[in-house]
Each structure stands twice: as structure tokens, then as C-alpha cells.
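Encoded as C-alpha cells, the structure appears first; notes follow it.
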Protein chains: 2
Amino acid sequence: MATIRDVAKLAGVSVATVSRVLNNNGNVHKSTKEVVQAAITTLNYRPNEIARTLYKKNSRLLGLIIPDITNPFFTELARAIEDTAHRYGYTMVLCNTDEILEKEQHYMEVLKQRQADGCLMITNEKATFLDEELGIPIVALDRPIHSHIPFIQADHYQGGKIAAQTLLQKGSTQLVHIRGPKYLDSAEARYQGFLDVVEKEKISYHIFESSFQPRNDEFLINNIFERFPEIDGVFAANDVIAVSVLKTALHRGISVPEDLQIIGYDGILFGQLFYPSITTVAQPIYQLGKQAVQMLINLIEKKETEQKICRLPVQLVERDTTRKE
Amino acid sequence: MATIRDVAKLAGVSVATVSRVLNNNGNVHKSTKEVVQAAITTLNYRPNEIARTLYKKNSRLLGLIIPDITNPFFTELARAIEDTAHRYGYTMVLCNTDEILEKEQHYMEVLKQRQADGCLMITNEKATFLDEELGIPIVALDRPIHSHIPFIQADHYQGGKIAAQTLLQKGSTQLVHIRGPKYLDSAEARYQGFLDVVEKEKISYHIFESSFQPRNDEFLINNIFERFPEIDGVFAANDVIAVSVLKTALHRGISVPEDLQIIGYDGILFGQLFYPSITTVAQPIYQLGKQAVQMLINLIEKKETEQKICRLPVQLVERDTTRKE
DNA sequence: TTGTAGGCGTTATCAC
DNA sequence: GTGATAACGCCTACAA
């Protein structure tokens with residue numbers, strides 16, 4: 001790899017001059033500029049980003065710390081984030097933590113050592129990641145960390161309400177909500193939204209808690225159908241659970257949506273591949289990722305964000321696990 | 001952030017000594033070592049990876065260049081790769097190209113400028129990425145690039161055979177293979193495997209080509225059922241297509257697997273969530289990713305790989321879109 | 001065993 | 001307008 005020195009030598013100028021044309025700052029005569037550019041071209045020179053980072057202390061490197069890229073919600077988020085980061089000239093490092101604190105901490109160390117400019121984070125470890133001890137700007141995605149760490153999330157409370165309202169409106173009367181784990185703020189909000197609707201409407205309902213681990217859900221769902229054969233509407237806390245409910249119901253000979261309506265949550269792409277396709281409360285996944293990156297870059301470059309909290313609207317996507325009219 | 005100089009000052013030694021205890025090379029007296037370590041601890045010092053890279057010219061950074069993380073096969077691959085890279089002390093940068101040459105080239109530039117040690121690549125641009133012009137070691141994953149670029153792939157020819165044999169063995173007599181695009185080596189191999197079996201057995205069959213774009217497949221599949229209502233076995237070139245076939249069949253009132261057997265390909269996790277769950281020829285996805293990283297690291301650290309080509313076996317996963325016995 | 005000093009490839013501050 | 005040169009934080013001859 002050619003260095004700036006090689007270019008300088010070939011162009012017959014000093015490295016300072018080369019640097020000036022590279023960064024387009026300082027004054028340099030038009031003719032010498034051309035000579036330098038010619039040298040750059042013939043040597044196929046590209047500035048060494050590492051050396052630049054060392055001096056300027058910004059790396060244009062962003063970390064994405066998530067539980068598991070294999071979870072389709074995170075997959076789509078990651079795509080949006082990488083797209084956006086790339087568009088702004090940043091490079092994205094992917095980190096899977098499996099929600100293990102040690103891994104999260106380790107990745108934070110790695111990112112810091114690599115002088116990453118910032119980090120997007122999905123974690124439950126609220127206490128551990130406070131702004132000051134980090135040393136690098138972070139934005140919390142979907143799961144809040146701390147009141148002074150900028151945070152972006154879909155409006156899950158509203159999502160829960162929409163799900164419940166839709167089920168009722170389309171004729172279900174015996175509802176079940178399979179909610180996510182209690183320690184998840186987002187699961188709690190969906191649950192609250194659901195609850196506020198069914199309580200107000202004085203509807204019969206049951207609540208169950210999923211671990212968000214597909215393997216364990218099968219047993220839970222079978223159990224629900226066993227104990228409460230009369231239920232005719234399920235709001236699942238995410239699309240994967242919704243799909244499991246669908247599968248179990250079909251397996252038991254229950255017609256969907258005639259005898260049982262199902263609403264999922266997230267709006268992952270896969271939902272439409274099922275038969276019947278999954279009605280869902282869709283998060284604006286791409287938007288979430290995109291805005292998260294923009295918030296983070298704002299934080300990095302302008303050293304401040306306008307709003308510490310950003311909440312995006314969800315949207316009902318009616319497909320075939322709910323009745324038409 | 002504390003620097004090595006701060007540590008040296010606090011410990012009352014020179015930076016060289018600190019460096020020696022950091023890297024555990026050179027001789028340093030036990031007592032001074034302890035003093036240095038104490039200083040490191042109190043300052044919470046971590047060596048700056050950027051400075052290290054600049055000097056040593058290896059960054060422990062790996063690039064993963066893939067078409068789209070949103071494709072579930074790539075998602076699971078990425079997880080395996082990140083896991084493995086991390087285990088070996090490498091950091092993984094994710095790059096989505098959408099199979100656009102300009103993006104691929106741009107990411108290669110970025111990786112080079114960041115002094116990435118190597119790169120895993122899934123691309124169709126065979127001609128473009130020859131070893132020499134790259135400057136960094138690469139390993140081709142699933143899609144070959146060039147005979148002298150190390151390459152790892154599942155045994156797709158065998159996979160195609162297995163799919164065809166299974167369908168026949170379980171009683172299908174009118175087969176369809178929805179194959180992947182012609183420019184994909186891996187699609188071609190599956191097709192050949194399928195072909196060799198049905199030709200040898202003198203079975204009636206039809207071949208159709210999918211673009212691997214879910215949106216376009218729906219029309220194709222409906223068309224197939226329309227024109228050839230007699231078919232009773234489908235081998236889809238990947239699980240997503242298989243799922244679309246399933247959906248369309250169910251929609252048309254065709255019983256699966258009684259009237260129509262379906263076999264997918266890849267073995268993505270999602271396949272088991274469908275009802276009926278998808279029988280598939282599973283690639284050893286995690287293994288593929290893991291070994292790809294190991295090959296790459298070998299290339300980086302030992303400057304050579306034993307075998308330029310690595311082919312891993314596939315495995316039939318019998319689920320519910322094929323008949324029992 | 002330990003310290004000094006030069007260099008990795010840039011950028012920026014001075015002079016000229 | 002241009003050129004030395006001192007950083008950035010680290011590592012490693014080479015000396016001592």
C-alpha cells in the first residue's frame with residue numbers, strides 16, 4: 001500500500017501539501033494540486049484510515065450490540081442500521097450478546113479500544129451501562145437504559161391497545177395475551193395497552209408469559225388451549241409467538257380466523273409467508289434503525305441530541321389471522 | 001482514556017517496560033511487573049487498538065460481505081461467523097451489498113483502508129475479486145470466486161440428489177424443481193443433482209427458475225399449479241420458496257403431504273414453525289460459517305491454507321411436508 | 001532487567 | 001502557497 005510519503009515523493013512536494021489536497025483544506029496552487037492528484041491516481045493511493053483515526057480520534061466506526069441477529073426483529077433492524085451508517089460514511093461492527101452481561105461488557109471494551117465513535121445498544125442491563133463510565137456515546141434501542149441515555153422505541157402501549165381493540169372489534173370475546181418477559185419494558189407496555197382496553201370493556205381475558213424462547217413456547221401454548229378451549233382471540237407479544245399459536249391451533253383443528261383470531265407483533269417480513277398470513281401490529285422497524293443511527297451520529301458530531309426520547313408509531317397490518325369486517 | 005505513558009509515569013518506569021508486561025514479552029522483574037499491573041488497574045488502562053494496528057499492521061478486524069443480512073440463510077451464517085470471529089479475538093464488520101458491484105467494491109475499499117486483516121465474501125462477481133488486486137486475504141463462502149481463492153460450500157449436488165431421491169422414495173411421481181438463478185453455482189449444482197436422479201429413474205419432471213426474490217415467486221408458483229395440476233412433489237431451491245409453495249398449495253386446497261410433497265433447502269430455523277413444518281435438505285450453516293472463519297484466520301496468521309476448497313455434507317431433515325414411510 | 005529513541009501514516013501548527 | 005516537524009499511542013531494536 002502506497003503511503004502519503006510515496007505520493008509526496010512522486011509529486012515532488014511535501015506530505016503536508018498532499019494532505020492538504022486530500023482533505024481539501026489549506027491553500028494549494030491549482031497546478032500542484034493537479035500534480036498531486038495525478039500521483040494519487042497512478043499510485044492508486046488511499047489514505048490509511050487507522051493513521052487518521054489515531055491522530056483525529058474519530059474512527060467512523062459504530063457498534064451494534066444486540067442479543068442475537070438471528071431474531072428476525074433484530075435482523076431487520078440491523079439491516080436498517082447498517083444501511084444508514086454506511087450512507088453517513090460509518091462502518092458497523094456487529095456484536096451478539098445473547099443477553100449475557102459479560103459479553104456486553106466485553107464488546108463495550110472492544111469498541112472502546114477500537115476507538116469506536118458510538119454504539120447502538122439493545123440490552124436489559126440498565127444499571128451497568130450508564131453514560132459516564134462508557135466513554136463513548138450510546139443510543140438505546142427498543143429497551144431503555146437510563147434516563148440520560150437517548151432512547152428510541154415504538155409506541156408499544158399504543159400497540160397493545162390496537163391489538164386488543166382489533167380483536168374485540170372483529171368479534172372475539174374471550175381473549176388471551178401471551179406477553180413477553182416482565183423485565184422487558186416493551187413487553188410491559190404492550191401488556192398495559194392490552195389490559196387497559198380489556199378492563200375498560202369488561203372482557204374476559206387471561207395473561208400468560210412467554211420467555212421469548214421459541215422452544216419453550218410450544219408447551220405453554222398447548223397448555224393454554226387445553227385449559228381454556230373457549231378462547232377465541234390471541235394477542236401474541238411477537239410474531240414468532242403468533243406463528244406458534246397458529247401452528248398449534250391448526251394442529252388442534254381450530255379454524256383460523258373463524259374460531260380463533262390471532263394478532264402478532266413486530267411486523268417481521270416472514271409473517272406474510274404463513275397460511276393464513278399473520279395479522280400483526282407492525283413496528284416501523286426500518287425507521288427505528290435509521291433514526292437510531294441518526295440520533296447517534298448527532299450525538300457524536302454535534303455532541304448533543306435535541307430529544308432524549310423518540311417514540312415512533314406502530315401500525316396494524318391486517319392479514320388473514322383476523323376476520324374481514 | 002489513559003495512555004501507556006500515564007501508566008509508565010504512575011508506575012515509575014518507562015513505557016517500554018509497560019509495553020513488555022502488556023504483551024508478556026521481554027524480561028521484566030517480577031516486582032516491577034506487579035507495580036506496573038497495579039498502575040494499569042488503578043488507571044483502568046486499556047491499550048489503544050488503533051495505535052497497535054498502526055504499528056503492527058494487523059487489526060484483528062474481519063469483513064463480512066454478503067448480499068443481505070435479511071435473507072435467513074445469511075442471517076444464520078452471520079451469527080456463526082461473528083461468534084467464531086469473536087472467539088478468536090477478531091471483530092466483525094457487516095456489509096450488505098444487495099449484490100450490487102459498486103457496493104461490493106466500495107466495501108472492499110473501506111475494509112482495506114481500515115486495514116482489515118481479511119474478508120469473508122458472498123458474491124457473484126467472479127471476475128472482479130481476484131486475489132492480487134485485493135491486497136487482503138479473502139475466503140469465498142457458498143459462491144466460488146476464483147480457483148485460487150479459498151472457498152467453502154455445502155455439497156449442493158448431493159443435496160439435489162437427496163431431495164429428488166426422497167421425493168421418489170416417498171411416492172411422488174410427477175416432480176417439479178423450482179431452481180435458483182442460473183448464474184448461481186450453488187443453484188446449478190442442486191439442479192444437476194436433482195436432474196441426475198430423475199433422468200436415471202425416468203421420472204416425469206418440470207424445471208422452473210426462481211429469481212430468489214420472494215415477491216416474484218408467488219406468480220410463478222400459482223402458474224405452475226395452474227398448468228400442471230398433476231404434480232405431486234416439489235423440490236424448492238430454498239426454504240423460503242418451499243414455504244411459498246406450501247402456502248399456495250394450501251390456499252388451493254391441496255393437502256400437504258398427502259397430495260403434494262414439498263422439500264425445501266437450507267434448513268433455516270424458521271422452517272419448523274410452519275404447519276405443516278417444512279421438510280428440507282439442511283446445510284450445516286453454523287459449521288459453514290465457523291470453518292470459513294477458521295480458513296480465513298489460517299490464511300491471515302499462517303499465510304496459507306491447507307485446502308483451497310472445502311465442501312461440507314448436507315443432511316435431510318424430515319418434517320411434515322413429506323410422508324412418513 | 002530496564003530505558004531511549006525511532007517509526008507506523010496521518011494531520012496540523014508553525015515558519016518561510 | 002509550501003515545507004519542516006511535532007504530535008497521536010504503541011512497539012521494538014538497540015543501548016546501557
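Remember, it's a predicted structure, so these values are computed and weren't measured experimentally. Just the heavy atoms: all of them, side chains too, but no hydrogens, waters or symmetry mates, feed the values below.
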Please determine, by modelled atom types, if B:N124 and B:E99 share a side-chain donor-acceptor pair under 3.5 angstrom.
yes
Could you give the CG-to-P distance, from B:L54 to C:dC8, as a whole number of Å?
9 Å
Is the closest side-chain donor-acceptor distance between A:E188 and A:Y183 under 3.5 Å?
no
What is the bend of the helix from C:dT1-D:dA16 to C:dC16-D:dG1 when you compare the axis at one end with the axis at the other, using five pairs each and rounding to 10°?
50°
First encountered from the 5' end of DNA chain C, between B:V28 and B:Y55:
B:V28
In plain terms, say whether B:D117 and B:R60 are close enough for a salt bridge, that is, a side-chain N and a carboxylate O under 4.0 Å apart.
no
Walk me through it: do A:H146 and A:F151 pass the test ring pair (Phe, Tyr, Trp, His ring centres under 6.0 Å)?
CA-CA 9 Å; A:H146 188 283; A:F151 170 52; over 10 Å; no
Contact class for B:S19 vs. all strands (heavy atom < 4.0 Å): base, sugar-phosphate, or nothing?
base
A:N25 CG to C:dT10 P, in whole Å, measures 15 Å
Rounded off to whole Å, could you give me the CG-to-P distance for the A:L22 and C:dG9 pair?
15 Å
Would you say B:T17 reaches C:dG3's phosphate, i.e. side-chain N/O to OP1/OP2 under 4.0 Å?
yes
Is A:D68 salt-bridged to B:R79, cutoff N-O under 4.0 Å?
yes
Given D:dG3, D:dC11, C:dG3, which nucleotide is nearest the side-chain atoms of B:K56?
D:dC11
Kindly say whether B:Q37 contributes a backbone atom to a donor-acceptor pair with the side chain of B:T41 at under 3.5 angstrom?
yes
Nucleotide C:dC8, atom P - distance to CG of A:D6 in whole Å:
11 Å
Between A:D185 and A:R143 (side chain of the first, backbone of the second, donor and acceptor by atom type, cut-off under 3.5 Å), is there such a pair?
no
Give the minimum heavy-atom separation between A:T123 and A:E125, together with the two atoms involved.
OG1-N, 2.9 Å
Separation of B:K9 atom NZ from D:dC10 atom P, in whole Å?
13 Å
Closer than 4.0 angstrom, basic N to acidic O: yes or no for A:K290 and A:D83?
no
Only one of B:I65, B:L77, B:I145 forms a side chain to side chain contact (heavy atoms under 4.5 Å, CB included) with B:I122, so which one is it?
B:L77
So, the side chain of B:K308 versus the backbone of B:H148: is there a donor-acceptor pair under 3.5 Å, distance only?
yes
Quick one: which protein N/O atoms are closer than 3.5 Å to N/O atoms of nucleotides 13-16 of chain D? Pair and distance per line, please.
none

Is a donor on one side and an acceptor on the other found under 3.5 Å between the side chain of B:R114 and the backbone of A:S59?
yes
Specify the residues of residues 29-52 of chain A, ordered by number, for which at least one heavy atom lies under 4.0 angstrom from an atom of DNA chain D.
A:H29, A:T32
Is there a side-chain contact between A:K57 and the phosphate of C:dT11, meaning an N or O under 4.0 Å from OP1 or OP2?
no
Please report the distance, rounded to the nearest Å, between CD1 in A:I4 and P in D:dA7.
19 Å
Nucleotide nearest A:T3 (side chain, heavy atoms from C-beta), chosen from C:dT10, C:dC8, C:dT1:
C:dT10
Whole angstrom value for the distance that separates P of D:dG3 from CZ of A:R5:
14 Å
B:N58 CG to D:dC11 P, in whole Å, measures 11 Å
